[in-house]
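First, the structure itself, so that you have it in front of you.
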Amino acid sequence: MLSKFLHQAVQQKSASVALLIDPSSQVEEGMSCLAKGVEQGWVDAVFYGGSLRTHSEEEAHWDSLRKRIQGPIFAFPSNALQVHPTVDGLLHLSLVSGRNPDYLIGRHVEAAVYLDELGIDIIPTAYLLIDGGKVSTTSYITNTTPIPSDKIDIAYATALAGVQLGMKAIYLEAGSGADNVVPINMVKTLSSKLDVPIIVGGGIRSAEQMHALSQAGADVLVIGNAFEENPFEVMADLRTFKCAVEV
Ligand code: 1GP
């Protein structure tokens with residue numbers, strides 16, 4: 001199901017949108033808003049994951065999400081051992097912008113047999129952390145340095161290496177709650193040169209940013225913090241973004 005979602009995202013003329021739900025956050029008040037967004041087609045998928053979580057929180061959130069969201073839910077985990085067995089697919093992230101072996105391959109070895117037994121759709125994804133203007137949780141937790149936002153050549157070479165190693169998608173991550181989204185020129189360069197879906201997240205807060213990143217060639221936009229803080233405003237922005245595309 002995740003392969004199909006990414007394939008469709010590439011075919012469409014504007015970016016698909018995924019809302020990132022963190023199991024450790026309080027999203028209950030936004031749940032009906034999210035359900036409506038999925039129903040109306042303003043939200044194309046839910047990504048599920050975060051850096052910090054507990055098992056009990058995950059179960060409660062998962063049950064609630066599954067009951068109320070009539071759309072695909074894909075795992076976007078910091079630890080693949082925490083992937084829920086009934087998820088619709090997994091973005092299996094390797095942090096190729098960093099040089100921490102745990103996040104390049106170590107965690108993947110630990111989770112490999114478990115994931116194989118689940119039999120879910122796994123998309124190997126080159127995860128590039130780009131400097132978003134402040135220290136991100138990902139950078140701190142993984143003890144890695146982001147790629148400077150003006151180093152488009154390094155970002156391109158890193159993503160290209162990921163593709164050469166067989167990765168099926170690129171995730172450009174400015175970091176959750178980033179001050180600056182991934183630079184438009186970086187998205188443009190990578191999307192024009194690489195033949196895999198480009199997923200972009202971190203700091204997206206407005207319909208204008210969605211439009212600019214989509215125009216630059218992003219295939220999927222991921223929005224987390226802004227939705228947690230003000231779900232109704234984000235849904236209004238999504239409606240503006242999607243309607244502008246249809247006109
Ligand atoms: C984080 O890219 C996602 O992994 C989303 O970032 O929370 O800033 O929207 P935000």
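Indexing begins at 1, ligand by ligand and atom by atom, following the structure's order.
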For ligand 1, what is the set of protein residues having any non-hydrogen atom at a distance below 4.0 Å?
Leu20, Phe76, Tyr171, Glu173, Gly175, Ser176, Gly177, Gly201, Gly202, Gly203, Ile223, Gly224, Asn225
Heavy atoms of other groups near Tyr140 OH, more than 12 under 6.0 Å:
no
Would you check if there is a donor-acceptor pair between the side chains of Asn100 and Thr144 at a distance under 3.5 Å?
no
Whichever hydrophobic residues join Leu165 through chains of side-chain contacts under 4.5 Å
none
Which residues share a side-chain hydrogen bond (donor to acceptor under 3.5 Å, both in side chains) with Ser176, sequence neighbours left out:
Asn225
Over 12 non-hydrogen atoms of neighbours within 6.0 angstrom of CD in Glu233:
no
How does the hydrophobic cluster around Ile105 look, that is, which other residues are in it when side-chain heavy atoms under 4.5 Å mark a link?
Val109
